[in-house]
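A short write-up of the structure that comes next.
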Amino acid sequence: MDSDMRIRAALEEHWQASESGDIEAEHAIYAADAILDYPQSGERFRGRAKISAQRGGHPANRHFTVHRIVGSGDLWVNECVITYDGVPAYSVSIMEFAHGRVVHETQYFADAFAAPEWRTALAEPMPGRNITRA
């Protein structure tokens with residue numbers, strides 16, 4: 001199995017473990033000294049133990065739906081919807097790898113929003129989705 005295939009498999013295992021609540025398996029992908037950044041809040045979590053503790057201590061009931069994993073070499077991007085207590089948040093996770101482990105992750109979150117009427121004639125629904133109107 002080549003390096004890209006191994007990383008893709010590790011990412012799929014990471015997201016499956018996230019969904020099942022297996023904290024240990026979820027964080028096995030991270031290097032011991034990995035960094036996780038949340039640009040919207042300005043937070044940085046340094047080290048696998050802190051990354052795991054902040055996610056493992058999350059008070060919400062969470063579910064993960066991965067829409068896309070793309071990348072090669074040391075840079076991978078994951079698009080998913082994380083549902084917190086039934087409320088979806090769209091997430092893009094940029095992961096940088098070294099020696100088969102995540103050394104830096106930057107994760108962005110966005111809330112759903114209604115499409116304005118002026119774009120009605122221009123847009124079509126994404127596969128499997130309905131357009132929410134303002």
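Atom-to-atom distance recorded for S18:OG and E13:CD is 11.5 Å, nearest 0.5 angstrom. To the nearest 0.5 Å, the span separating CG on N78 from CG on L11 amounts to 5.0 Å. Between the NE2 atom of H63 and the OG atom of S20 there is a distance of 11.5 Å, given to the nearest 0.5 Å. Here the straight-line distance linking atom CZ of R62 with atom CD1 of I82 works out to 7.5 Å at 0.5 Å rounding.
The side-chain heavy atoms of P125 and N130, taken from C-beta on, include no pair separated by under 4.5 Å. The side-chain heavy atoms of T120 and L122, taken from C-beta on, include no pair separated by under 4.5 Å. A heavy-atom distance below 4.5 Å is not found between the side chains of D74 and E96. Considering only heavy atoms from C-beta on, V77 comes within 4.5 Å of V92 through its side chain. Side-chain contact between W76 and I7 is present, with at least one heavy-atom pair separated by less than 4.5 Å. Between R48 and L36, every side-chain heavy-atom pair lies at or beyond the 4.5 Å cut-off. Between I23 and S52, some side-chain heavy-atom pair lies under the 4.5 Å cut-off. Looking at M95 and H14, their side chains come closer than 4.5 Å, going by heavy atoms from C-beta outward.
Counting all heavy atoms, side chain and backbone alike, I131 lies closest to A115 at CG2-CB, 3.9 Å. Nearest heavy-atom pair across V66 and C80 is CA-CB, 3.8 Å. Of all heavy-atom pairs between D4 and G73, the closest is OD1-N, 2.8 Å.
With sequence neighbours excluded, the residues that form a side chain to side chain donor-acceptor pair (under 3.5 Å) with Q54 are Y38.
F64 and W15 have tilted rings, their planes meeting at an angle from 30° to 60° on a 0 to 90° scale.
Within 6.0 Å of CZ in R68 there are 12 or fewer heavy atoms belonging to other residues, nucleotides or ligands.
Remark: the E79 side chain and the S91 side chain contain no N/O donor-acceptor pair separated by less than 3.5 Å.
A continuous path of Ile, Leu, Val, Met, Phe, Trp and Tyr side chains, each step under 4.5 Å between heavy atoms, connects I69 with F109, placing both in one hydrophobic cluster. One hydrophobic cluster, built from ILVMFWY side chains closer than 4.5 Å, holds both V70 and I94.
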request  = Check step by step if salt bridge (Lys or Arg N to Asp or Glu O under 4.0 Å) holds for R55 and E105.
outcome  = CA-CA 14 Å; R55 287 184 174 152; E105 178 181 11; 3.2 Å; yes
query = Under the ring pair (Phe, Tyr, Trp, His ring centres under 6.0 Å) criterion, do H104 and F97 qualify, and how do the steps go?
reply = CA-CA 7 Å; H104 188 209; F97 284 77; over 10 Å; no
request  = Please lay out, stage by stage, how Y108 and Q40 fare under the test side-chain contact (heavy atoms from CB on, under 4.5 Å).
outcome  = CA-CA 7 Å; Y108 296 92; Q40 287 137 307; 4.1 Å; yes
query = Which is it for I51 and H27 under the side-chain contact (heavy atoms from CB on, under 4.5 Å) test, yes or no, and what are the steps along the way?
reply = CA-CA 8 Å; I51 294 168; H27 295 92; 3.7 Å; yes
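Aromatic pair H58/Y84: ring centres closer than 6.0 Å.
Pairs of residues two or more places apart, or lying in two chains, that qualify as salt bridge (charged side-chain N to carboxylate O under 4.0 Å, His left out) and include a residue from residues 19-38 are D37-R44.
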